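Because the structure is a prediction, the values reported are computed rather than measured.
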Amino acid sequence: MAAAPDPATEAFVAHRNLLFTVAYEMLGSAADAEDVLQETWLRWSGVDLATVVNQRAYLVRITTRQALSRLRTLGRRKESYVGPWLPEPLLTAPDVAEDVELADSVSMAMLLVLETLAPTERAVFVLREVFDLGYDEIAEAVDKSPAAVRQIAHRARAHVAARRPRGSVSPAETRGALAAFQRAVDTGDLQGLLDILAPDVVFLGDGGGVVQAALAPIVGVADVTEVLGRFTASGVSAEPVRLNGAPGLMLRLGGELVAALAVRIDDGLVTGLYAVRNPEKLSRVDRETPVSR
């Protein structure tokens, strides 16, 4: 008979998806989030559980501290990154979309907004707005006073509100935008895409210096359409999937995955197109990654 798991392991496994989601939303990198979970486990396994009042809060605190440390390292790595840096895409289960706040928080568009926050602001925003932790719990996780955390949360909320997508976006709207791209891939006709692109639409391609991609953001309908035209003329096929809690596309060439595509929609028009091409960031999109809160 197999031995029963010890209480520390049981608690860690029970909260693992939550802890991964906390780390991923703070880092935008699944690979780094997994490293944070390894570090969290090492510290958790040495804790005397008799002294722990709330195991979930304690684990979130360890994860947050490790993620903050990793976030600063990641920031230095991004400074030398070749071309635009995009979050690592995740293939998510359909039920993630049913939790609107969770789906929004892991979306490519929101993760890019979170990139504009300072590390502590990002941690406070994620823990308060997504995971609904109390100010006292957050204060312990980020080594600040509860009063300071309240101020940071207020500042972070205002910062995010000014930059997050405008207007509510339904999955049907996102699917419609991606269907227009898929029709362009299938037929070569870009007119359907032109009809839904905002005048100031931005295309970001993340090749990481490993594969060919635009080294700077491409802005405006004419230039973005030219880039999309090259995509559609290259012979790629498009497969609808769920990326980061929202409809997305996997682009394949000769059966090989070459990009994961997500969109940002504001007031009914596509304002952002995000193509992740760096092979190191596409290693997890062949299987679903559980996220929760």
Electrostatic pair R293-D99, nearest N-O below 4.0 angstrom: yes
Same apolar cluster: I218 and Y274, side chain cutoff 4.5 Å: no
Contact check, side chains of L243 and T92, non-hydrogen atoms, under 4.5 Å: no
Side chain R128, main chain L133, donor-acceptor under 3.5 Å: yes
L49 side chain near W44 side chain, heavy-atom distance below 4.5 Å: yes
Aromatic plane relationship, W85 with Y81 - under 30° parallel, 30 to 60° tilted, over 60° perpendicular: perpendicular
Check ion pair D206-R277 (N to O, under 4.0 angstrom): no
Test: D266 and R264 ion pair at under 4.0 Å: yes
E25 versus S105, side-chain donor and acceptor atoms under 3.5 Å: yes
Closest contact, heavy atoms only, L74 versus L27: CD2-O, 3.4 Å
Check: L114 and M26 side chains under 4.5 Å, non-hydrogen atoms: no
Donor on one side chain, acceptor on other, T9 and D6, under 3.5 Å: yes
Any side-chain heavy-atom pair of R65 and D143 under 4.5 Å: yes
Atom of L127, atom of A141 and distance for their closest heavy-atom approach: CD1-CB, 4.2 Å
Closest contact, heavy atoms only, S283 versus E88: OG-OE2, 4.4 Å
NZ/NE/NH1/NH2 to OD/OE distance under 4.0 Å, E115 and K78: yes
Residues, nucleotides or ligands: over 12 heavy atoms within 6.0 Å of E239 CD: yes
side-chain contact (heavy atoms from CB on, under 4.5 Å) involving E280 - partner list, sequence neighbours excluded: N278
Matching residue for E121 among H159, R155, R157 - test: side-chain hydrogen bond (donor to acceptor under 3.5 Å, both in side chains): R155
G28 versus R122, closest heavy-atom pair with distance: N-NH2, 3.7 Å
Heavy-atom side-chain proximity of L249 to V241 below 4.5 angstrom: no
Any L261 side-chain heavy atom under 4.5 Å of F231 side chain: no
Side-chain heavy atoms of F131 within contact of T21, under 4.5 Å: yes
Residues R230 and E226 bridged, charged N to O under 4.0 Å: yes
Residue pair D186 / Q182, side-chain donor-acceptor N/O under 3.5 Å: no
Residue pair F203 / V219, side-chain heavy-atom distance below 4.5 Å: no
Cation-pi geometry met for R61 and Y58 (6.0 Å, 45°): yes
